[in-house]
Undergrad: 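Let me begin by handing over the structure; questions about it come next.
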Protein chains: 2
Amino acid sequence: MKNGRLTNTVETIASECLAVRIRLLNRTVTNIFDDALRPLGVKVSQLNVLMVVAKLGPITPGDVCRKLNIEKSTLSRNVDRMRTHNWLKVSEGDSGRKQILELAPAGRRLIEKAFPLWTKAQTETESLLGQQGAKSIHRAANTVWAQLGRE
Amino acid sequence: MKNGRLTNTVETIASECLAVRIRLLNRTVTNIFDDALRPLGVKVSQLNVLMVVAKLGPITPGDVCRKLNIEKSTLSRNVDRMRTHNWLKVSEGDSGRKQILELAPAGRRLIEKAFPLWTKAQTETESLLGQQGAKSIHRAANTVWAQLGRE
DNA sequence: ACTCCTATGTTGTATATACAACATTGTGTG
DNA sequence: CACACAATGTTGTATATACAACATAGGAGT
């Protein structure tokens, strides 16, 4: 039949493509967390950055980018928004070029208020993925973090 | 110490959050595929939609949304772009309300040209995630698809 | 047949994401 | 020290994503 080769190609990509699958998981899980966090007016993308700063800060934007594999321009605008909310404090490093990001008091309060909502979303996600699935995600992410560090 | 409670909260979220991890995987893998596909001027997000249409089409936008868990407004604009490239044919269904999406000839040629580039990205992703990680992603995605179908 | 509700798709708006180009600042090497 | 190069962050542009509001069209129930 005339469509044989294309059909095989489509079948192969459809049944194996890792990008389709990871992107589906990303949309689904991001929606779960954003729904849960909506009462606080924060999105999970912003909470992610806030957590990195809370755990590793004071830290430069460049280091946050490397940790999360985010493009610097993406983070730059995200930091603007979080500074507007007074969640982050941004100061000029003594080196002149680098900036210093720190958790601001409002950011601290936000994290405390977010915790029960985060727990709810996390539980919901675990039940969606199953214990196996959740463990798998952890393992895959650990692999990526190891690779990122190696570059 | 004064920071005890916040520190515990931050530690818990940092070490367990599934959203951070899936979003990290999503950015990393999407970049791998977009890099590979760049010579063709198509992004993996568009190729995903094209594959669904190629495999299941003729199909309505709403059904594509349900399959990929994409918001209808997101797909609406994506279809516009793909129609501009003549990759997709959009026609009005006889029912008046629904639209019919089909693979256009240029879309077919695109998929054929994309296959070797997709294979390269897929291989690279497998080697990034490891065999375990890749299998894990498949299992997690299957779980989500089953859940989506159940709603 | 009429009314109400739902499904479908578009548009306005906000955020997330990345690439390209740019300005600025350190750094290292001759 | 001077110059070239790399690192850092911003801005312009394009796409992806979702929510809210909307218009329209089908369908269900009376």
Side-chain angles (χ1 to χ4, degrees), chain A residues 19-20 22-39 41-50 59-66 68-85 87 90-101 151, chain B residues 19-20 22-39 41-50 59-66 68-85 87 90-101 151:
Chain A
V20 186
I22 287 176
R23 292 172 58 81
L24 169 72
L25 292 170
N26 178 61
R27 281 189 298 271
T28 306
V29 172
T30 295
N31 287 347
I32 291 174
F33 279 81
D34 280 350
D35 284 351
L37 295 170
R38 190 154 300 132
V42 66
K43 306 196 61 170
V44 68
S45 49
Q46 299 171 347
L47 191 63
N48 288 172
V49 172
L50 219 53
I59 186 174
T60 67
D63 285 338
V64 174
C65 285
R66 278 180 282 276
L68 293 175
N69 198 24
I70 287 179
E71 222 279 333
K72 56 192 176 176
S73 60
T74 301
L75 185 68
S76 176
R77 283 148 170 139
N78 209 341
V79 165
D80 282 347
R81 287 184 279 268
M82 290 191 282
R83 188 169 43 179
T84 301
H85 287 287
W87 294 332
V90 183
S91 44
E92 300 299 322
D94 21 320
S95 325
R97 177 175 52 171
K98 295 181 178 177
Q99 296 174 346
I100 305 293
L101 305 182
E151 286 169 347
Chain B
V20 186
I22 287 176
R23 293 172 57 79
L24 170 71
L25 292 170
N26 177 61
R27 281 189 298 270
T28 305
V29 173
T30 295
N31 287 346
I32 291 173
F33 280 81
D34 279 350
D35 284 351
L37 295 171
R38 190 154 300 132
V42 65
K43 306 196 60 170
V44 68
S45 49
Q46 300 172 346
L47 192 63
N48 289 172
V49 173
L50 219 53
I59 187 174
T60 67
D63 285 337
V64 174
C65 286
R66 278 180 282 276
L68 293 176
N69 198 24
I70 287 180
E71 222 280 333
K72 56 191 174 174
S73 60
T74 301
L75 185 68
S76 176
R77 283 148 171 139
N78 210 341
V79 165
D80 282 347
R81 286 183 280 268
M82 290 191 283
R83 187 168 45 178
T84 300
H85 287 287
W87 295 332
V90 184
S91 45
E92 300 298 322
D94 22 319
S95 324
R97 178 175 53 171
K98 296 182 179 176
Q99 296 174 345
I100 306 292
L101 305 182
E151 286 170 346

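Residue numbers begin at 1 in each chain, while the letters A, B, ... track the order of the sequences.
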Undergrad: Would you mind reading off the distance between B:L47 atom CG and D:dA16 atom P, rounded to a whole angstrom?
TA: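 Result: 12 Å.
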
Undergrad: I'd like to check A:R27 versus B:L68 (side-chain heavy atoms, cut-off strictly below 4.5 Å). Are they in contact?
TA: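 Yes, their side chains come closer than 4.5 Å.
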
Undergrad: Do any pairs count as a salt bridge (Lys or Arg N to Asp or Glu O under 4.0 Å) and have a residue in residues 76-85 of chain B, sequence neighbours left out, and if so which ones?
TA: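 Listed by first then second residue: B:D80-B:R83.
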
Undergrad: Restricting to nitrogen or oxygen on both sides, can you table the protein-nucleotides 3-7 of chain C pairs closer than 3.5 Å?
TA:
| from | atom 1 | to | atom 2 | distance (Å) |
| --- | --- | --- | --- | --- |
| C:dA7 | N3 | B:R97 | NH1 | 3.0 |

Undergrad: What is the distance, rounded to the nearest whole Å, between atom CG of A:D80 and atom P of C:dT15?
TA: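 The answer, rounded to whole Å, is 11 Å.
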
Undergrad: Checking A:K43 now: which residues fulfil salt bridge (Lys or Arg N to Asp or Glu O under 4.0 Å) with it, not counting sequence neighbours?
TA: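 A:D34.
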
Undergrad: Start at the 5' end of DNA chain C and walk down; is the nucleotide closest to B:N26 or to B:D63 reached first?
TA: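 Comparing both residues, the 5'-ward one is B:D63.
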
Undergrad: The criterion is side-chain hydrogen bond (donor to acceptor under 3.5 Å, both in side chains); which residues satisfy it with A:S45, sequence neighbours excluded?
TA: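 side-chain hydrogen bond (donor to acceptor under 3.5 Å, both in side chains) check on A:S45 returns nothing, list empty.
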
Undergrad: For B:N78 and C:dT10, give me the distance from atom CG to atom P, rounded to whole Å.
TA: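 Those two atoms, CG and P, are 12 Å apart.
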
Undergrad: Could you tell me the separation between the CG atom of B:L101 and the C1' atom of C:dT8, rounded to a whole number of Å?
TA: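 Distance, rounded to whole Å: 12 Å.
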
Undergrad: Measuring from B:D35:CG to B:T30:OG1, what's the distance to the nearest 0.5 Å?
TA: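 Going from the CG atom of B:D35 to the OG1 atom of B:T30 covers 10.5 Å.
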
Undergrad: Check whether any side-chain nitrogen or oxygen of A:S45 sits under 4.0 Å from OP1 or OP2 of C:dA16, and answer yes or no.
TA: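 It does, given that an N or O in the side chain of A:S45 lies less than 4.0 Å from OP1 or OP2 of C:dA16.
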
Undergrad: So, using side-chain hydrogen bond (donor to acceptor under 3.5 Å, both in side chains) as the criterion, who are the partners of A:T28 when residues are at least two apart?
TA: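 A:T28 satisfies side-chain hydrogen bond (donor to acceptor under 3.5 Å, both in side chains) with B:N69 only.
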
Undergrad: Would you tabulate the pairs of protein nitrogen or oxygen atoms and nucleotide nitrogen or oxygen atoms of nucleotides 18-20 of chain D closer than 3.5 angstrom?
TA:
| from | atom 1 | to | atom 2 | distance (Å) |
| --- | --- | --- | --- | --- |
| D:dA18 | OP1 | A:N31 | ND2 | 3.3 |
| D:dA18 | OP2 | B:E71 | N | 3.0 |
| D:dA18 | N7 | B:T74 | OG1 | 3.4 |
| D:dA18 | N6 | B:R77 | NH1 | 3.3 |
| D:dC19 | OP1 | A:R38 | NH2 | 3.4 |
| D:dC19 | N4 | B:S73 | OG | 2.5 |

Undergrad: Can you name the salt bridge (Lys or Arg N to Asp or Glu O under 4.0 Å) partners of A:R97, sequence neighbours left out?
TA: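 Not a single residue meets the salt bridge (Lys or Arg N to Asp or Glu O under 4.0 Å) criterion with A:R97.
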
Undergrad: Between A:V44 and B:Q99, which has a closest nucleotide on DNA chain C that is more 5'?
TA: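 The residue whose closest nucleotide sits nearer the 5' end is B:Q99.
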
Undergrad: Nearest whole angstrom, please: distance from the P of D:dA25 to the CD of B:E92.
TA: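 One finds 10 Å between P of D:dA25 and CD of B:E92, rounded.
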
Undergrad: Quick one: A:R23 CZ to D:dT15 P, roughly how many Å, whole number?
TA: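 Rounded to whole Å, this separation is 14 Å.
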
Undergrad: Could you pull out all residues at least two apart from A:N78 that satisfy side-chain hydrogen bond (donor to acceptor under 3.5 Å, both in side chains)?
TA: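 Not a single residue meets the side-chain hydrogen bond (donor to acceptor under 3.5 Å, both in side chains) criterion with A:N78.
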
Undergrad: Quick check on C:dA16: is either OP1 or OP2 less than 4.0 Å from any side-chain nitrogen or oxygen of A:R81?
TA: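 For C:dA16, OP1/OP2 do have a side-chain N/O of A:R81 under 4.0 Å.
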
Undergrad: Apply side-chain hydrogen bond (donor to acceptor under 3.5 Å, both in side chains) to B:T74 and list each qualifying residue two or more places apart in sequence or on a separate chain.
TA: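 So B:T74 forms no side-chain hydrogen bond (donor to acceptor under 3.5 Å, both in side chains) with any residue.
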
Undergrad: In whole Å, I'd like the distance from the CD1 atom of A:I59 to the C1' atom of D:dG9.
TA: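 So the CD1-C1' distance, A:I59 to D:dG9, works out to 15 Å.
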
Undergrad: Rounded off to whole Å, could you give me the CG-to-P distance for the A:N48 and C:dT15 pair?
TA: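 Distance, rounded to whole Å: 16 Å.
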
